[in-house]
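Each chain gets a letter, A, B and so on, in the order its sequence line appears, and its residues count up from 1.
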Amino acid sequence: MNKKPRSLIRIIIPVVLTLVTIALIVWPMLAGGQYVVLDPKGPIGASQRDLIVISTILCAVIIVPVLILSAVIVWRYRDKPDNKAAYEPNWSHSTKAEAIWWTVPIIIIGLLAIVTVRYTYDLEPSKPLAHEKAPITIQVSSLDWKWLFMYPEQGIATVNTLNIPADRPVKFELTADSPMNSFWIPQLGGQIYTMSGMAMTLYLQADHEGKYWGSGANFTGEHFGEMRFDVNATSDEDFDKWVAEVKQSSQELTTEGYNALAEPGTSNVAYYSAFPEGLFQNIVTKYVVDGQSAHSKHGTSSEASGAIQNATDTSNQDEDKSAN
Amino acid sequence: MLEGLKEFASEFFVTGDPLIYGAMVSIGITMIAIVAVLTYFKKWGWLWRNWLTTVDHKKIGIMYIIASIIMLFRGGVDALMMRLQLAMPNNEFLNPEHYNQVFTTHGTIMILFMAMPFMFGLFNVIVPLQIGARDVAFPFLNSLSFWLFFLGAMLFNLSFVIGGSPDAGWLSYPPLSELSHSPGVGQNFYIWGIQISGIGSLATGINFLVTIIKMRAPGMRWMKLPMFTWSVFSTCIIILFAFPILTVTLALLFLDRFAGAHFFTLDLGGNPMMYINLIWMWGHPEVYIVVLPAFGVFSEIVSTFSRKKLFGYKSMVFAMLIISFLSFFTWAHHFFTMGSGADVNAFFAVTTMLIAIPTGVKIFNWLFTMYRGRIRMATPMMWTLAFIPCFIVGGMTGVLLSVAPADFQFHNSYFLIAHFHQVLIGGVVFGYFAGLYYWWPKMFGFQLPEKLGKWAFWTWNIGFYVCFMPQYAVGLMGMTRRLSTYGWDTGWWELNFVSTIGAFLMGVGFLFQVAQIADGIRKYKTLKASADPWDGRTLEWSIPSPAPEYNFAITPRGDDIDEWWEEKERRAKGIYPPEQPLEPIHMPKNSAIPFIMSSFWFVAGFGFVFGWLWMAILGLAGVGICMIARSFSYDTDYYIPVDEIKRTEASLRGSV
C-alpha cells in the first residue's frame, strides 16, 4: 500500500473524533438544552446523581488504565520489521498475573455492589422522605395517551400538567388505565412504572421553585410520545392560590367525563375543579375478580390496599367495558 | 365478486404508503429478475441439488450468512428510516404508527434474523472443521433448522407488504400486543415468524451441543478444545435452557389472541407481569447467546494475528461457563423500576454486575495474548482491536445500568439505547464481521480485497461513535426511547442530527463491504487462497480452502490446543506424521424433506396469522406427512470411494 492515503486517514480520524466530542459537550449547552439527569433539583435526584458519579468513578478506576494499556500494547507489539520489543510465542500462562486480574474486578465490583445495595434500600421509591412538612399526595394515572393527576386533599384534578409545592415531599400514587407507562421527572428523581391493577408509590421532592420536564418513558402505542407534562413547583402560597383558581374557574370531572378521557386519544392541558370520589381506587381495582385480591403488594401504601378492598364492589361495573 | 375481491385485497395488502408501494415494486422486480436469471442460465437443478436440499454443514452455514446479511440490510434500512425521522424536530417523514412498526421490525430482525443466523452460520462453517469432524451430529436436523429459520424469517418479513407489520416493540409486552390493543395481523406475524424460526434455533443448539460432545477428533480432550468451539458449547447450553421459555411464552400469547385465553390480560386473572418475566428470562440470556461466540472468534483471531498462544486458556473457559450460568440471573434488571422492592432489586443488581468480572478477565487475557506477540493488522484483527475499547466502554455503561437506583434515571432513555447498541454492535456485529473476514478464505477459497475492507472498517467505526455517543448525552437530557418525534423546545435536535449522520456513515460502511465482496468475486481467480492463508493455529487450516465436502480425508488428531500450529512446528523440525491409508468416507445423503417440511410450516403459520384454520390444518398435515416420510426413508447415507477422495485431494492440494 502506498503511503499517502494511510497518513491521511491517520489525520482524519482523530480530527473527526475530536469534533464529535466537542459537538457532544458544547452544542446542547449552546442550544439551551441541559443534562437534566445530572442537574437535579431535589433530594432523590441528587442522591441518584451522586450514585451515578460514584459508580462512574469506580468503573473508570479500572477502565481508563485498561484503555491506555490496550493502546500501548497494540502499538508496542505491532508487526514491524524493526520492532525490537520482546517476542515470546509460547508465553501463555502466569498464575500471578491471572490472580491479579481476577482479583481487581472482584474488588471493584464488590465495592460497587456494597454501594448499590445501600442506595437501593435508601432510595426505595415507596420510602417516605424525611422533612418537617407532611407530604402532599398526588394520584397519577397514565391513560392512552395522556396523564391524569388527581389531588385528593385539594379535590382537584389536572391533565398533562402538574403543580406541586416546592420544598415539601410529594407522595405520588401511581397506576395505569392502559398499557403500562413509566412516570419520569428527571430533575426530581428516577422513574417508576405505572401499571394497571397495581398502585405504586413514589416519593419525590423539589427543593426549588421552577418548571421541570416530565414525560412517560415506557412505550404505550401510537401517541405515547405526546405524553409529556410540565411540573410547576411553586411556593406554598402560590400553590394554594393555584388550587383556589382551579376550583373556581374549571369544570368538574364526572364519571362520564372520565370515561371519555380514558378513551384512546391525545389531550391538551386541562383542569378540573372536582373528580368522582374513589376514582383512583376504581382504576386500580378495575380488574379485580370477586374473591381475589388485586395484585397490590409491591410498593403499595397501606391506605391504597385498604381502599382496594372497599372498592371491589364498585369495580365490577367497569369490568365489562374493559374486557373488549 | 369483483368488489369483494377488491375489498379483500385492500385489507390483505398494505396500502396507502408510497414507501411501501416502492418496496413492493422493487420486491416484485427482484423476484422476476432472480427467476429469469435462474431460468436463462438453467440453474434451477443446480440450486435444488446443491443448495436447497443440501445437508452439508458448510453450505448450510453459507446460506445462513447470506440470509443474515440480507436481513442486516433490511434491519439497517429500518434504522436509517428511524434516524431520518429523528434528525429534525417535528419531522413528518414517518407517522407515529409507521414509526412504531419500523422500530419493532428493526429490533426483531436484528436480534433474531440477523445476529442469530450469522452466529449459526459461523457455527456451521467452523465447528466441525475445528474439532476434526466430517459433519454435525444430525445433518438432516441441521438442514431442517436452517429452513425453519429461513421460512420463519420470510413469514415475519412478509408482514410489511401483506397484512401490516407488528408495532408493539420487539418484545411485545401485553396488553399492547394483545387483541385489545393490536387487533391487526401484525402481531400474529411476529408470533409465528419467531416461533417457527425459534424451533430451528433450539434444534441447532441441541445439534451443536451433541456435535461437540460426541464428534471431537481423537485426542481432543475438553481442555484441548479450540476457544471458538468452547464459546459455541457455552452458547448452546444457554440456548438449550432459554429457547423453550420463548416457545412457551409465544404460544401462550398466541392462545390469548387466537383462542381468547387470558394468560397475560388482567381481566379473568391473567397478568402481563408474567409475560414480562418470561420474555426476559429468555431475552437477557439471548444477548449472551449472541455475544459469547463473538468472544470465541476474538480469541481465535487475537492468537492467530499476534502469532502467539492464547493467554490464560483455562481462565477463558471458566469465564465463559460462568457467564452462561450467570446469564440466567439477570432478567429482573429490565424492570428495576416496576417496584419489585429493595430486596429483589439489590439481588438482581449484584448478579448483573457480577458478569463484568469474567468479562473483564477475558479482556485482560486478550490483551496479554497480544503482549509480547507480533500483531498483524489484517482486517479480521482490525475488527478485533476495534472491539476492545468499544466493548470496555459499553460494558462500563452496562455496569452503570445495573446499579438499580441509578437505573431509575437511565431506564427507557437513550442512554440505554446507546449502551446496548454499543455492546451489540461493538461486541456482536464487530465479532461476526471479524469471523467472516477470518474464515472467508476457508469458506470460499479466495481472499477478500483488503483495501476496500479497510475503508469499510473505518467508515463503520467512525460512523458508530458519531451515531451512538450523542445518544448517551441525549439520554441524560431526558429523551426517552421509541419517541417518534420531539419539539424544538427540548434542545435535543443537534445531538440527534449528529447521530443520524453517524448512522448513515455506518450505512456507507456496509456498502463498502458489499463492494468488497463483489470485487472479491470478480477477481477471485487472482485472489485464490492457500489452505492456511493467515498462518492459522487450529485444525480448519490444515485442510484445503475451500474445504472438500468430507472435510478431512484422514481423521486428524487433536492432542494440543493449537494442534495445527504444533503440527507445523513438528514438520519444520522434520517430524512427519506416519502415512495413513485412505478409507471410504461415510456421508449423509441430501434430502428435500427439510425444505418441504419448513414450507408447510410456513403455510401453517400463514394460516394462523390470518385465522384461516383450513390453511393452518393443511400446513400442519403437510408437516406430519413429511415426518412420516422421513421415518420411512432408509436410504439416507452413502460412501465416498477412495478413488474419488484421491482425485479431490489432488485437485485441491495441487492448486494451492
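Looking at A:Thr95, there are no atoms closer than 4.5 Å to chain B (heavy atoms on both sides), in backbone or side chain. Proximity to chain A (any heavy atom under 4.5 Å) is shown, for B:Phe368, by both the backbone and the side chain. Only the side chain of B:Val350 has a heavy atom closer than 4.5 Å to any heavy atom of chain A. Residue contact with chain A, scored on non-hydrogen atoms closer than 4.5 Å, involves the backbone of B:Ser306 exclusively. B:Asp343 touches chain A through backbone and side chain together, each having a heavy atom under 4.5 Å away. Heavy atoms of B:Leu505 lying under 4.5 Å from chain A are absent altogether. For B:Ala349, the part sitting under 4.5 Å from any heavy atom of chain A is the side chain, from C-beta outward, and nothing else.
One distance of note links OG1 of B:Thr337 with CG of A:Leu202; it measures 10.5 Å at 0.5 Å rounding.
Pairing each heavy atom of B:Asp267 with each of A:Tyr287, the nearest pair is N-CD2, 3.7 Å. Closest heavy-atom contact between A:Glu98 and B:Gly312: OE2-CA, 3.4 Å.
For the set A:Val36, A:Asp122, A:Leu69, the count of heavy-atom pairs under 4.5 angstrom toward chain B peaks at A:Val36. In terms of non-hydrogen atom pairs under 4.5 Å with chain A, the most contact-rich of B:Gly502, B:Pro175, B:Gly478 is B:Gly478. For the set A:Gln191, A:His223, A:Glu222, the entry with the most heavy-atom pairs within less than 4.5 Å of chain B is A:Gln191.
By the 30° and 60° cut-offs, the orientation of the rings of A:Trp91 relative to B:Phe311 is tilted.
Checked options A:Ile63, A:Leu58, A:Ile62; the residue passing with B:Met396 is A:Ile63 (criterion: side chain to side chain contact (heavy atoms under 4.5 Å, CB included)).
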